[in-house]
Asks: 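I am attaching a structure below and will ask some questions about it afterwards.
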Amino acid sequence: KHLKPITDIFNGLVTGEAIGKTFAIAMPPGHGKTYCALLAMVWLCFRFKGIRICHVTYNARQSQKFENTARKFLRNTGAELCEMNYAFKRLPNQVHVSQGLWQFGNSSEIFWTYKDSNATGLHFNVMIMDDMTATKRDAYSNAINSELKEFVDSAVMTRSVVLGQMTTFLFNTRWSPKALFAHLID
């Protein structure tokens, strides 16, 4: 029941009611907000020909974790992607995927990335910012909040396929009144 408002918003993309709006959704950890968003992303790609979705989080490891979860959903549908492209970033003692692009047969795409990566020249219909801060300490950090505000203003809000028509979601735990929520609501 507590996820119904989120699913109603994603359904609003179908009816047109949610297009071009920004939604800030706060729930405690483990209440299903990310799970719901990942399911909705895969559903939207099957529902809309040519939709372009960007999922962004706080680091490459978290982005890869979310992508792996969505891949399990996709596998359960029996559907296949046309193509998966990845950019890799070498981290100490390991290599992690820093960006992924899923391309569906109907020209829909999901771009997986994180806030410090480069998405120059890419534009989207739907932007999902999920867990933009890793910890409560990060959420109270003036420096991190300043970086996030700059990221949203310069990188996120300029990525709309059609100017003013990108639907933006911010999923997070509301750690702090200084957090990104306050910036988006203003």
Asks: Between the side chain of K21 and the main-chain N/O of E17, is any donor-acceptor distance below 3.5 Å?
Replies: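 Flag set: sc K21 to bb E17 pair under 3.5 Å.
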Asks: Do I53 and E109 come within less than 4.5 Å of each other through their side chains, counting heavy atoms only?
Replies: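 A side-chain contact is absent here, since even the closest heavy-atom pair is not under 4.5 Å.
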Asks: When rounded to the nearest 0.5 angstrom, what distance separates CH2 in W112 from NZ in K65?
Replies: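 Separation between the atoms: 12.5 Å.
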Asks: Do F111 and H55 make the cut of ring centroids closer than 6.0 angstrom?
Replies: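 No, the ring of F111 stays outside the 6.0 Å limit from the ring of H55, centre to centre.
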Asks: Answer yes or no: are there more than 12 heavy-atom neighbours, outside Y35 itself, under 6.0 Å from its atom OH?
Replies: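 No - once you tally the heavy atoms of other residues, nucleotides and ligands closer than 6.0 Å, there are 12 at most.
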Asks: Can you find a heavy atom in the side chain of V14 that is under 4.5 Å from one in the side chain of W43?
Replies: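 A side-chain contact exists here, since the closest heavy-atom pair is under 4.5 Å.
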Asks: Please tell me if the side chains of T7 and K4 come closer than 4.5 Å, counting only heavy atoms from C-beta onward.
Replies: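 Of all side-chain heavy-atom pairs linking K4 with T7, at least one is under 4.5 Å.
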Asks: Nearest heavy-atom pair of W102 and E67: which atoms, and what distance?
Replies: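 Between these two residues, the closest heavy atoms are NE1-OE2, 2.6 Å.
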Asks: What's the verdict on side chain to side chain contact (heavy atoms under 4.5 Å, CB included) for M127 and V56, showing C-alpha distance, side-chain angles and the deciding distance?
Replies: CA-CA 8 Å; M127 175 71 67; V56 61; 4.1 Å; yes
Asks: What's the spacing between L44 CG and L13 CG if we round to 0.5 Å?
Replies: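 Going from CG on L44 over to CG on L13, the span is 5.5 Å.
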Asks: Could you tell me if the side chain of V152 sits less than 4.5 Å from the side chain of L148, heavy atoms only?
Replies: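 With C-beta onward as the side chain, the pair stays apart.
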Asks: How long is the straight-line distance from CG of N172 back to CE of M27, given to the nearest 0.5 Å?
Replies: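 With rounding to 0.5 Å, CE (M27) is 12.5 Å from CG (N172).
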Asks: Check whether the ring centres of F23 and F171 lie less than 6.0 Å apart, and answer yes or no.
Replies: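 Between F171 and F23, which both carry aromatic rings, the centre distance is not below 6.0 Å.
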Asks: Is any side-chain heavy atom of T133 less than 4.5 Å from a side-chain heavy atom of Y58?
Replies: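 T133 does not reach Y58 side chain to side chain.
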Asks: Less than 4.5 Å apart, any side-chain heavy atom of Y140 and any of K136?
Replies: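 Yes, at least one pair of side-chain atoms sits under 4.5 Å.
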Asks: Nearest 0.5 Å, what's the CE-OG1 distance between M41 and T34?
Replies: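 Separation between the atoms: 10.5 Å.
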Asks: Please answer whether the main-chain N or O of P28 pairs with a side-chain N or O of K33 as donor and acceptor at a distance below 3.5 Å.
Replies: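 Pair found, side chain donor or acceptor close to backbone of P28.
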Asks: When you compare the side chain of M129 with that of M132, does any pair of heavy atoms fall below 4.5 Å?
Replies: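 A side-chain contact under 4.5 Å exists here.
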Asks: For a quick test of reading the model, state the closest non-hydrogen atom pair linking N145 to A139 and the distance between them.
Replies: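 So the two residues come closest at ND2-O, 2.6 Å.
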Asks: Any idea which heavy atoms bring I110 and C45 closest together, and the distance?
Replies: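 Heavy atoms of I110 and C45 come nearest at CG1-SG, 3.4 Å.
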Asks: Please confirm whether the backbone N or O of Q165 pairs with a side-chain atom of N125, one donor and one acceptor, at under 3.5 Å?
Replies: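 No; judged by distance alone, with no hydrogens or angles, the pair does not exist.
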Asks: May I ask you to decide if S63's main-chain N or O and T57's side chain share a donor-acceptor pair within less than 3.5 Å?
Replies: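 No; zero donor-acceptor contacts below 3.5 Å.
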Asks: Show your working on side chain to side chain contact (heavy atoms under 4.5 Å, CB included) between L39 and F10 and close with a plain yes or no.
Replies: CA-CA 10 Å; L39 279 172; F10 280 110; over 6 Å; no
Asks: What's the separation between atom CD1 in I128 and atom CG in L38, rounded to the nearest 0.5 Å?
Replies: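 Between I128 CD1 and L38 CG, I get 7.5 Å after rounding to 0.5 Å.
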Asks: Describe, in one word, how the ring planes of H2 and H31 are oriented to each other, choosing from parallel (under 30°), tilted (30 to 60°) and perpendicular (over 60°).
Replies: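 If you compare the ring of H2 with that of H31, the planes turn out perpendicular.
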Asks: Tell me the closest heavy-atom pair linking G50 and S108, and the distance in Å.
Replies: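 Shortest heavy-atom separation between G50 and S108 comes out as N-OG, 3.2 Å.
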Asks: Enter the distance from C54:SG to M166:CE here, rounded to the nearest 0.5 Å.
Replies: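 It comes to 8.5 Å.
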Asks: Measure from the side-chain N and O atoms of D138 to the backbone N and O of I144, and report whether any donor-acceptor pair falls under 3.5 Å.
Replies: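 Checking the backbone N and O of I144 against the side chain of D138, no donor-acceptor pair under 3.5 Å is found.
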Asks: Is the shortest heavy-atom distance from the side chain of F46 to the side chain of F104 under 4.5 Å?
Replies: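 When only atoms from C-beta onward are counted, F104 and F46 do touch, with a gap below 4.5 Å.
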